[in-house]
Amino acid sequence: MTHAHTSPAPRRSRIAVLASGGGSNLQLLLDHFAGTADHMGEIVWVGSDKHTAGALARATSSGVPTGVVSDPYDGDALLAQLREAGADLLVLAGYLKLVPETVVRAFHGRLLNVHPALLPAFGGAGMYGMRIHTAVLEHGATVTGVTVHFVDEQYDRGPIVAQWPVPVLPGDTPTTLAARVLRVEHRLFPLCVAAVSSGAIVLGGDGRVHGHLDVPVGIAAPEWRFGMVPDTVEDATAFATDVARVFPR
Ligand code: GRF
(Lines give C-alpha, C1' and ligand atoms only; values in the text may rest on other atoms or scores of the structure.)
Protein backbone atom coordinates (compact mmCIF):
# COMPACT_ATOMS: atom_id res chain seq x y z
CA MET A 1 0.00 0.00 0.00
CA THR A 2 1.55 3.32 -1.02
CA HIS A 3 0.82 6.59 0.72
CA ALA A 4 0.88 8.72 -2.52
CA HIS A 5 -2.75 9.59 -1.83
CA THR A 6 -3.83 12.28 0.65
CA SER A 7 -6.02 10.67 3.36
CA PRO A 8 -9.63 10.72 2.12
CA ALA A 9 -12.34 12.47 4.20
CA PRO A 10 -14.04 10.05 6.64
CA ARG A 11 -17.45 8.94 5.42
CA ARG A 12 -20.30 6.64 6.54
CA SER A 13 -21.56 4.32 3.84
CA ARG A 14 -24.95 2.74 3.14
CA ILE A 15 -24.00 -0.91 2.63
CA ALA A 16 -25.88 -3.54 0.62
CA VAL A 17 -24.84 -7.19 0.97
CA LEU A 18 -25.41 -10.03 -1.52
CA ALA A 19 -25.22 -13.61 -0.23
CA SER A 20 -26.21 -17.00 -1.69
CA GLY A 21 -25.79 -19.18 1.41
CA GLY A 22 -26.10 -19.43 5.19
CA GLY A 23 -24.63 -15.99 5.77
CA SER A 24 -22.11 -16.47 8.58
CA ASN A 25 -19.95 -13.71 7.08
CA LEU A 26 -23.05 -11.52 6.79
CA GLN A 27 -23.77 -12.15 10.49
CA LEU A 28 -20.31 -10.85 11.48
CA LEU A 29 -20.90 -7.78 9.29
CA LEU A 30 -24.34 -7.18 10.87
CA ASP A 31 -22.81 -7.48 14.36
CA HIS A 32 -19.85 -5.25 13.45
CA PHE A 33 -21.90 -2.40 12.03
CA ALA A 34 -24.54 -2.70 14.76
CA GLY A 35 -21.68 -2.44 17.29
CA THR A 36 -18.37 -0.60 17.38
CA ALA A 37 -18.31 0.30 13.68
CA ASP A 38 -21.77 1.87 13.52
CA HIS A 39 -20.19 5.28 12.84
CA MET A 40 -18.39 3.84 9.82
CA GLY A 41 -21.40 2.44 7.96
CA GLU A 42 -24.88 0.95 8.03
CA ILE A 43 -26.20 -2.23 6.38
CA VAL A 44 -29.34 -1.03 4.60
CA TRP A 45 -30.28 -4.02 2.42
CA VAL A 46 -29.50 -7.73 1.97
CA GLY A 47 -30.21 -9.55 -1.26
CA SER A 48 -29.90 -13.16 -2.38
CA ASP A 49 -30.34 -15.15 -5.58
CA LYS A 50 -31.96 -17.83 -3.38
CA HIS A 51 -35.18 -17.00 -1.50
CA THR A 52 -34.35 -19.83 0.95
CA ALA A 53 -30.87 -18.48 1.79
CA GLY A 54 -30.13 -18.42 5.53
CA ALA A 55 -28.57 -15.00 4.98
CA LEU A 56 -32.02 -13.47 4.32
CA ALA A 57 -33.36 -14.84 7.62
CA ARG A 58 -30.36 -13.39 9.48
CA ALA A 59 -30.98 -9.96 7.94
CA THR A 60 -34.67 -10.07 8.82
CA SER A 61 -33.82 -11.00 12.42
CA SER A 62 -31.63 -7.90 12.53
CA GLY A 63 -34.40 -5.73 11.12
CA VAL A 64 -32.59 -5.15 7.80
CA PRO A 65 -34.74 -5.02 4.62
CA THR A 66 -34.19 -7.90 2.20
CA GLY A 67 -34.87 -8.79 -1.42
CA VAL A 68 -34.57 -11.70 -3.83
CA VAL A 69 -32.42 -11.17 -6.94
CA SER A 70 -34.77 -13.02 -9.28
CA ASP A 71 -32.50 -12.75 -12.35
CA PRO A 72 -28.86 -12.41 -11.18
CA TYR A 73 -27.74 -11.57 -14.73
CA ASP A 74 -30.20 -8.66 -15.15
CA GLY A 75 -27.92 -5.78 -14.16
CA ASP A 76 -30.56 -3.07 -14.59
CA ALA A 77 -32.97 -4.88 -12.25
CA LEU A 78 -30.27 -5.41 -9.60
CA LEU A 79 -29.12 -1.79 -9.95
CA ALA A 80 -32.73 -0.66 -9.43
CA GLN A 81 -32.95 -2.71 -6.20
CA LEU A 82 -29.64 -1.22 -4.96
CA ARG A 83 -30.67 2.32 -5.89
CA GLU A 84 -34.02 1.88 -4.13
CA ALA A 85 -32.13 0.86 -0.97
CA GLY A 86 -29.91 3.91 -1.39
CA ALA A 87 -26.78 1.72 -1.25
CA ASP A 88 -23.39 3.28 -2.07
CA LEU A 89 -21.24 0.28 -1.11
CA LEU A 90 -21.90 -3.29 -2.29
CA VAL A 91 -20.43 -6.30 -0.47
CA LEU A 92 -20.40 -9.94 -1.66
CA ALA A 93 -20.54 -12.34 1.30
CA GLY A 94 -20.63 -15.82 -0.21
CA TYR A 95 -22.48 -14.62 -3.34
CA LEU A 96 -21.92 -17.23 -6.06
CA LYS A 97 -23.24 -15.38 -9.12
CA LEU A 98 -21.07 -13.19 -11.38
CA VAL A 99 -22.07 -9.55 -10.81
CA PRO A 100 -23.32 -7.98 -14.07
CA GLU A 101 -21.01 -5.43 -15.72
CA THR A 102 -23.53 -2.58 -15.34
CA VAL A 103 -23.45 -3.06 -11.56
CA VAL A 104 -19.64 -3.47 -11.47
CA ARG A 105 -19.27 -0.19 -13.39
CA ALA A 106 -21.83 1.64 -11.22
CA PHE A 107 -20.04 0.47 -8.05
CA HIS A 108 -16.45 0.79 -9.32
CA GLY A 109 -14.18 0.99 -6.23
CA ARG A 110 -17.26 0.39 -4.00
CA LEU A 111 -17.69 -3.37 -4.53
CA LEU A 112 -15.93 -5.91 -2.26
CA ASN A 113 -15.69 -9.71 -2.09
CA VAL A 114 -14.19 -12.22 0.35
CA HIS A 115 -12.58 -15.39 -1.04
CA PRO A 116 -11.39 -18.32 1.12
CA ALA A 117 -7.99 -18.73 -0.54
CA LEU A 118 -4.88 -16.64 -1.27
CA LEU A 119 -5.79 -15.20 -4.68
CA PRO A 120 -4.85 -15.45 -7.46
CA ALA A 121 -4.38 -19.09 -6.45
CA PHE A 122 -7.49 -21.28 -6.17
CA GLY A 123 -9.88 -18.68 -7.57
CA GLY A 124 -11.96 -18.09 -10.69
CA ALA A 125 -15.16 -19.53 -12.17
CA GLY A 126 -16.22 -22.77 -10.45
CA MET A 127 -13.83 -22.27 -7.53
CA TYR A 128 -16.12 -21.88 -4.55
CA GLY A 129 -16.99 -23.60 -1.27
CA MET A 130 -15.47 -27.04 -0.57
CA ARG A 131 -14.03 -27.22 -4.09
CA ILE A 132 -11.42 -24.63 -3.04
CA HIS A 133 -10.27 -26.48 0.06
CA THR A 134 -10.29 -29.83 -1.75
CA ALA A 135 -8.05 -28.31 -4.46
CA VAL A 136 -5.71 -26.80 -1.84
CA LEU A 137 -5.29 -30.23 -0.22
CA GLU A 138 -4.96 -32.03 -3.58
CA HIS A 139 -2.16 -29.66 -4.58
CA GLY A 140 -0.39 -30.29 -1.29
CA ALA A 141 -0.32 -26.58 -0.48
CA THR A 142 0.95 -25.96 3.07
CA VAL A 143 -0.47 -22.47 3.38
CA THR A 144 -3.84 -21.14 2.28
CA GLY A 145 -5.76 -18.16 3.57
CA VAL A 146 -8.30 -15.40 3.00
CA THR A 147 -8.42 -12.63 0.41
CA VAL A 148 -10.59 -9.52 0.45
CA HIS A 149 -10.58 -7.68 -2.87
CA PHE A 150 -12.33 -5.06 -4.96
CA VAL A 151 -14.52 -6.74 -7.61
CA ASP A 152 -14.13 -6.27 -11.38
CA GLU A 153 -15.79 -8.00 -14.36
CA GLN A 154 -14.11 -11.36 -13.70
CA TYR A 155 -14.56 -13.81 -10.81
CA ASP A 156 -12.00 -13.31 -7.98
CA ARG A 157 -9.65 -10.99 -9.95
CA GLY A 158 -9.89 -7.35 -8.73
CA PRO A 159 -7.29 -5.36 -6.68
CA ILE A 160 -6.52 -6.95 -3.32
CA VAL A 161 -7.40 -5.01 -0.15
CA ALA A 162 -5.96 -7.55 2.36
CA GLN A 163 -4.92 -11.19 2.75
CA TRP A 164 -4.25 -13.41 5.78
CA PRO A 165 -2.44 -16.76 5.72
CA VAL A 166 -3.85 -19.94 7.27
CA PRO A 167 -1.73 -23.09 7.77
CA VAL A 168 -2.77 -26.42 6.22
CA LEU A 169 -2.25 -28.88 9.07
CA PRO A 170 -1.47 -32.62 8.97
CA GLY A 171 -4.70 -34.63 8.78
CA ASP A 172 -6.72 -31.72 7.44
CA THR A 173 -9.85 -32.52 5.45
CA PRO A 174 -11.67 -29.96 3.28
CA THR A 175 -14.09 -29.53 6.19
CA THR A 176 -11.48 -28.88 8.90
CA LEU A 177 -9.54 -26.55 6.60
CA ALA A 178 -12.68 -24.64 5.55
CA ALA A 179 -13.59 -24.13 9.23
CA ARG A 180 -10.14 -22.70 10.06
CA VAL A 181 -10.25 -20.38 7.03
CA LEU A 182 -13.81 -19.26 7.80
CA ARG A 183 -12.75 -18.20 11.33
CA VAL A 184 -10.20 -15.85 9.78
CA GLU A 185 -12.74 -14.60 7.18
CA HIS A 186 -14.99 -13.63 10.06
CA ARG A 187 -12.24 -11.45 11.54
CA LEU A 188 -10.68 -9.96 8.41
CA PHE A 189 -13.78 -9.20 6.28
CA PRO A 190 -15.59 -6.83 8.70
CA LEU A 191 -12.35 -4.83 9.20
CA CYS A 192 -11.88 -4.47 5.45
CA VAL A 193 -15.53 -3.53 4.80
CA ALA A 194 -15.38 -0.96 7.62
CA ALA A 195 -12.15 0.53 6.22
CA VAL A 196 -13.64 0.96 2.72
CA SER A 197 -16.98 2.06 4.18
CA SER A 198 -15.32 4.85 6.19
CA GLY A 199 -12.99 5.86 3.36
CA ALA A 200 -9.82 4.76 5.21
CA ILE A 201 -9.11 2.50 2.22
CA VAL A 202 -9.92 3.49 -1.36
CA LEU A 203 -9.35 2.17 -4.86
CA GLY A 204 -7.30 4.93 -6.48
CA GLY A 205 -7.60 6.24 -10.03
CA ASP A 206 -4.28 4.43 -10.60
CA GLY A 207 -6.07 1.11 -10.03
CA ARG A 208 -4.09 0.60 -6.81
CA VAL A 209 -5.44 0.18 -3.28
CA HIS A 210 -4.57 3.13 -1.02
CA GLY A 211 -5.06 3.72 2.68
CA HIS A 212 -4.71 2.13 6.07
CA LEU A 213 -6.34 -0.98 7.57
CA ASP A 214 -6.94 -0.57 11.26
CA VAL A 215 -6.37 -3.93 12.95
CA PRO A 216 -7.32 -4.09 16.61
CA VAL A 217 -4.63 -5.60 18.82
CA GLY A 218 -5.78 -7.38 21.92
CA ILE A 219 -6.00 -10.50 23.97
CA ALA A 220 -9.15 -11.37 22.11
CA ALA A 221 -7.27 -11.95 18.89
CA PRO A 222 -5.29 -15.14 19.41
CA GLU A 223 -6.85 -16.82 16.44
CA TRP A 224 -5.20 -14.28 14.16
CA ARG A 225 -2.05 -16.05 15.23
CA PHE A 226 -4.12 -19.19 14.77
CA GLY A 227 -3.85 -18.36 11.12
CA MET A 228 -0.08 -18.43 11.37
CA VAL A 229 0.85 -21.34 13.62
CA PRO A 230 -0.54 -24.69 14.79
CA ASP A 231 -3.68 -24.62 16.95
CA THR A 232 -1.90 -25.26 20.23
CA VAL A 233 0.11 -22.04 20.50
CA GLU A 234 -1.79 -19.22 22.29
CA ASP A 235 0.55 -16.20 22.42
CA ALA A 236 -1.37 -13.02 21.69
CA THR A 237 1.51 -10.76 22.63
CA ALA A 238 3.35 -11.54 19.41
CA PHE A 239 0.23 -10.53 17.50
CA ALA A 240 1.42 -7.00 16.78
CA THR A 241 4.57 -8.20 15.01
CA ASP A 242 2.55 -10.64 12.93
CA VAL A 243 0.29 -7.84 11.74
CA ALA A 244 3.31 -5.65 11.04
CA ARG A 245 4.73 -8.47 8.94
CA VAL A 246 1.55 -9.13 6.95
CA PHE A 247 0.39 -5.51 6.65
CA PRO A 248 3.60 -3.52 5.98
CA ARG A 249 2.99 0.20 6.51
C1 GRF B 1 -17.33 -18.30 2.66
O2 GRF B 1 -16.28 -19.22 2.80
C3 GRF B 1 -16.92 -17.25 1.66
O4 GRF B 1 -15.55 -16.97 1.61
C5 GRF B 1 -17.28 -17.90 0.40
O6 GRF B 1 -18.50 -18.56 0.64
C7 GRF B 1 -18.54 -18.92 2.02
C8 GRF B 1 -19.83 -18.34 2.52
O9 GRF B 1 -20.06 -18.64 3.76
N10 GRF B 1 -17.36 -16.97 -0.71
P11 GRF B 1 -21.24 -17.88 4.59
O12 GRF B 1 -22.51 -17.96 3.75
O13 GRF B 1 -20.81 -16.47 4.78
O14 GRF B 1 -21.35 -18.65 5.85
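When a ligand or atom number is given, it counts from 1 through the structure's own listing order. This one's a predicted model, so the numbers in the text were calculated from it and none came from an experiment.
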N/O contact list for ligand 1, threshold under 3.5 Å:
residue  : atom   : partner : partner atom : Å
ligand 1 : 2 (O)  : E185    : OE1          : 3.2
ligand 1 : 2 (O)  : E185    : OE2          : 3.0
ligand 1 : 4 (O)  : E185    : OE1          : 2.5
ligand 1 : 12 (O) : G23     : N            : 2.9
ligand 1 : 13 (O) : S24     : N            : 3.3
ligand 1 : 13 (O) : N25     : N            : 2.9
ligand 1 : 13 (O) : N25     : ND2          : 3.2
ligand 1 : 14 (O) : S24     : N            : 2.9
ligand 1 : 14 (O) : S24     : OG           : 2.6

Kindly list each side-chain donor-acceptor pair under 3.5 angstrom involving residues 70-78, sequence neighbours excluded, with atom names and distances?
residue : atom : partner : partner atom : Å
D71     : OD1  : Y73     : N            : 2.9
D74     : OD1  : D76     : N            : 3.2
D74     : OD1  : A77     : N            : 3.0

Fill in: side-chain hydrogen bond (donor to acceptor under 3.5 Å, both in side chains): pairs with one or both residues in residues 42-63, sequence neighbours excluded
S20-D49, Q27-R58

Worksheet item: Are any non-hydrogen side-chain atoms of V17 and L30 less than 4.5 angstrom apart?
Response: no

Worksheet entry | Donor-acceptor pair, side chain of H115 and main chain of F122, under 3.5 angstrom | yes

Worksheet item: Would you call T175 and M130 a side-chain contact if the rule is heavy atoms closer than 4.5 Å?
Response: yes

Item to complete: Not counting sequence neighbours, list each pair that qualifies as a salt bridge (Lys or Arg N to Asp or Glu O under 4.0 Å) and has a residue in residues 93-117.
Response: D88-R110, E101-R105

